[in-house]
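Being a predicted model, the structure only gives us computed values, none of them experimental.
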Amino acid sequence: LQKLVNETFQKLWFTPTPHHDKEAMTRKILNITDVVAACRDTGYDWFEQLLQNLLKSEEDASYKPVKKACTQLVDNLVEHILKYEESLSDSDNKGVNSGRLVACITTLFLFSKIRPQLMVKHAMTMQPYLTTKCSTQNDFMVICNVAKILELVVPLMEHPSETFLATIEEDLMKLIIKYGMTVVQHCVSCLGAVVNKVTLNYKFVWACFNRYYGALLKLKSQHQEDPNSTILTANKPALLRSLFTVGALCRHFDFDQEDFKGNSKVNIKEKVLELLMYFTKHADEEVQTKAIIGLGFAFIQHPSLMFEQEVKTLYNSILSDKNCSVNLKIQVLKNLQTYLQEEDTRMQQADRDWKKVAKQEDLKEMGDISSGMSSSIMQLYLKQVLEAFFHTQSTVRHFALNVIALTLNQGLIHPVQCVPYLIAMGTDPEPSMRNKADQQLVEIDKKYAGFIHMKAVAGMKMSYQVQQAINTCPKDPVRGFRHDESSNALCSHLYSMIRGNRQHRRAFLISLLNLFDDTAKTEVNMLLYIADNLACFPYQTQEEPLFIMHHIDITLSVSGSNLLQSFKESMVKDKKKERKPLSDEETESDSNSGSESESEEEASKPRKLRKQVDSDSDSDEENDINAVMKCLPENSAPLIEFANVSQGILLLLMLKQHLKNLCGFSDSKIQKYSPSESAKVYDKAINRKTGVHFHPKQTLDFLRSDMANSKITEEVKRSIVKQYL
């Protein structure tokens with residue numbers, strides 16, 4: 001597919017256009033920018049991937065059509081923008097069509113990201129756009145994209161003029177002081193590239209830093225004097241801006257270098273940490289959030305700060321505290337995500353630089369300190385990030401999953417500990433999250449065979465917890481299949497990964513069926529959840545359901561008869577017998593065995609009658625129920641216990657019936673099946689019947705009426721007796 005797409009787009013977009021054919025060029029530019037505009041919300045990975053692949057494919061060739069086409073496109077895009085500006089200044093409809101302008105500039109940024117050299121000669125043309133008057137969303141997009149372009153391109157210019165650089169610095173500084181978070185972020189980032197790599201104008205940045213840092217110190221001392229002072233309320237916008245900007249500046253500049261602070265002995269990063277930590281304990285959530293954002297920025301420049309005890313406590317308490325605000329949780333996860341993304345970019349850059357010099361270098365010298373650091377950092381926070389999967393809010397789950405995916409892709413932790421959590425996330429209602437979690441599992445399975453199978457049952461149990469957390473209506477039992485036309489099992493992807501290996505598949509199915517055993521003491525709703533999954537798994541050969549039914553029979557013959565036995569043992573012959581005072585254990589065991597055999601007779605007598613007289617079966621059933629009702633003990637605990645434990649057995653009976661209906665098996669076929677027979681015999685595909693749904697009514701009623709905790713009424717007793725019979 002990728003090959004086809006690459007070839008198609010190479011023909012459509014990345015083949016040089018003859019110089020005289022202006023019309024074709026314009027058409028091409030409009031097409032590309034339209035597509036870029038349409039992908040504004042879904043991201044541009046495809047475009048970057050495409051460019052990268054095409055340029056890479058001709059790296060060693062003498063004739064480079066794609067490179068030539070790219071140069072043409074970039075030059076014409078810039079020309080197009082300038083013409084477009086002219087036409088706007090002539091007309092009255094300024095800003096009407098600036099969607100096109102945004103798309104053109106975004107496209108230029110995408111080219112710069114892959115091949116910044118293409119834009120070097122146009123840097124001077126782009127700079128004035130930093131002074132765009134900002135009124136609409138589109139204007140901000142223009143500024144941010146221009147800042148991103150200059151950040152990539154200015155460091156590559158040979159001998160840029162002083163005035164040009166000074167103007168850029170001034171423009172960026174004005175934007176940082178005036179506009180909101182997104183603009184500040186991109187402008188500080190651009191300033192970082194210009195100052196650190198080109199102008200070395202450290203005093204300029206130091207002055208800006210001190211302005212905001214000083215403001216924070218002042219606001220802190222005011223807050224310490226009187227937390228409820230009205231001055232603070234009036235200064236809140238200044239406080240929020242200072243927290244964010246100090247953080248953003250610390251992300252891109254290391255103020256502990258002599259270039260900034262001179263020979264002062266003050267440790268700037270610790271002072272900043274202390275200041276920002278102070279405001280994370282503020283009463284106003286907005287202030288807390290901005291302080292945490294600031295911290296996240298500072299940690300990118302100095303990751304070692306994340307080992308500080310107070311930071312660990314802050315992050316882990318926010319992530320694990322059930323009552324903590326969702327916004328703070330999301331922000332902590334975003335911080336970790338940004339840190340890992342930056343590390344990833346850094347590692348890729350180091351890798352590229354290494355490839356350039358690899359031939360002369362000695363491998364021993366290539367120690368990668370940073371990945372060791374990020375690995376230790378993720379070990380600290382991993383448990384809490386994984387636990388964030390069990391949050392009701394999908395945004396929290398979304399960022400937690402992003403952090404885990406980045407951590408796994410960079411190989412920072414042993415993947416086995418994440419497997420059950422990823423299985424659980426594979427049941428998320430949102431397709432994008434399910435796919436991401438499933439993808440991670442596939443990657444792990446490729447590298448480490450058997451890990452998925454090893455953690456499969458733990459993963460199923462965890463997926464039940466995720467479903468419980470997501471379940472908005474606590475009255476309704478959690479179900480194990482999708483409520484759409486597919487009715488797929490929630491864990492169908494997990495099953496399809498395991499089913500290929502017969503040994504793993506059987507071990508997995510048996511472990512699930514063992515949870516239904518009365519000794520396993522699994523809660524009823526979880527059993528329903530697992531039965532749902534077993535009913536809806538994507539079985540392909542007859543062997544799979546037959547194997548399950550075979551094991552259900554074995555479980556039922558043991559658990560089922562134990563259960564009936566224990567119920568019989570709790571019955572008494574009649575009320576007189578029960579009230580009789582017992583002298584010692586001997587008489588107790590005597591009276592028990594007596595009552596047991598008689599009540600057994602009594603309860604089973606109508607059964608025999610029923611076989612003879614079929615027409616009268618309704619009243620017979622009544623007699624049955626009444627006969628057993630008479631023998632029920634006064635203490636109702638064993639009854640409730642029976643009702644509870646029997647749910648597992650009922651579910652297995654229903655499951656067996658469901659699989660039988662679904663696959664159209666005859667009793668004799670089920671009877672004949674033997675697990676030890678060669679695999680070939682049962683390798684035939686299943687003919688699924690349509691419209692067969694798994695609906696274990698008794699268990700659903702049991703859960704909905706909350707019978708386990710309800711008062712024992714005559715009606716409840718009757719329903720339990722019905723179950724027994």
Side-chain angles (χ1 to χ4, degrees), residues 1-2 42-43 45-46 49 333 337 340 382 385-391 393-471 478-501 504-505 507-509 511-512 529-530 532-540 544:
L1 272 179
Q2 273 191 338
T42 50
D45 291 351
W46 59 272
Q49 211 47 68
L333 290 167
Q337 175 183 314
L340 290 170
L382 183 70
V385 174
L386 287 169
E387 292 294 326
F389 281 2
F390 305 125
H391 200 279
Q393 289 263 347
S394 70
T395 333
V396 176
R397 300 196 303 273
H398 169 82
F399 283 110
L401 184 58
N402 281 355
V403 171
I404 296 299
L406 284 162
T407 310
L408 287 169
N409 291 340
Q410 290 175 37
L412 302 179
I413 52 169
H414 196 296
V416 75
Q417 51 204 344
C418 297
V419 170
Y421 292 92
L422 289 168
I423 292 171
M425 275 310 269
T427 66
D428 197 281
E430 296 190 19
S432 60
M433 305 233 265
R434 291 205 290 270
N435 296 342
K436 190 163 195 166
D438 291 348
Q439 246 169 343
Q440 295 298 323
L441 286 173
V442 171
E443 287 301 312
I444 292 173
D445 196 38
K446 269 186 211 158
K447 288 185 195 137
Y448 311 89
F451 268 15
I452 309 295
H453 158 248
M454 193 161 85
K455 293 285 182 192
V457 179
M460 287 274 295
K461 288 180 175 172
M462 229 174 238
S463 70
Y464 170 69
Q465 288 172 294
V466 167
Q467 291 304 315
Q468 261 183 322
I470 295 169
N471 187 15
V478 173
R479 300 301 303 268
F481 54 81
R482 294 231 156 73
H483 297 287
D484 56 21
E485 61 283 355
S486 71
S487 314
N488 287 337
L490 290 179
C491 297
S492 56
H493 180 258
L494 170 67
Y495 182 76
S496 60
M497 285 180 80
I498 294 177
R499 71 166 291 283
N501 178 324
H504 285 178
R505 176 179 78 220
F508 172 59
L509 291 172
S511 321
L512 291 183
Y529 176 79
I530 289 170
D532 278 341
N533 273 289
L534 285 165
C536 303
F537 273 156
Y539 305 115
Q540 291 183 11
E544 298 162 60

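In this structure, CD1 on I530 lies 7.5 Å from NZ on K461, to the nearest 0.5 angstrom. The CG atom of N409 lies 5.0 Å from the CD atom of Q440; values are rounded to the nearest 0.5 Å. In this structure, M425 CE and F390 CZ are separated by 9.5 Å, a value rounded to the nearest 0.5 Å. Going from atom CD of E430 over to atom NE2 of H398 covers 8.5 Å, rounded to the nearest 0.5 Å.
The distance between the ring centers of H414 and F451 falls below 6.0 angstrom. Aromatic ring centres of H483 and F481: separated by under 6.0 Å.
Each of L494, L401, I452 was checked for a side-chain contact (heavy atoms from CB on, under 4.5 Å) with L422, and the lone residue meeting it is L401.
A donor-acceptor pair under 3.5 Å is formed between the side chain of N533 and the backbone N or O of C491. Under a 3.5 Å cut-off, the side chain of D484 and the backbone N or O of S487 do form a donor-acceptor pair. A donor-acceptor contact shorter than 3.5 Å is absent between the side chain of D445 and the backbone of L441. Checked by atom type and distance alone, the side chain of Q337 never pairs as donor or acceptor with a backbone atom of N402 at under 3.5 Å. Looking at R505, its side chain never comes within 3.5 Å of a backbone N or O of I498 through a donor-acceptor pair.
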**OP:** Give the C-alpha distance, both sets of side-chain angles, the deciding distance and a yes or no for side chain to side chain contact (heavy atoms under 4.5 Å, CB included) between V419 and M454.
**Re:** CA-CA 9 Å; V419 170; M454 193 161 85; over 6 Å; no

Original post:
Given Q465 and M462, is the side chain to side chain contact (heavy atoms under 4.5 Å, CB included) satisfied, shown in steps?
Top reply: CA-CA 5 Å; Q465 288 172 294; M462 229 174 238; 3.4 Å; yes

**OP:** Go through E544 and Y495 one step at a time and tell me if the side chain to side chain contact (heavy atoms under 4.5 Å, CB included) criterion holds.
**Re:** CA-CA 11 Å; E544 298 162 60; Y495 182 76; 2.5 Å; yes

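A parallel orientation is assigned to the rings of H504 and H453, their planes being inclined by less than 30° (bins at 30° and 60°). A tilted orientation is assigned to the rings of F508 and F537, their planes being inclined by 30° to 60°.
Side-chain contact between L534 and Y539 is present, with heavy atoms from C-beta onward closer than 4.5 Å. The closest side-chain heavy-atom distance from I444 to V416 is not below 4.5 Å.
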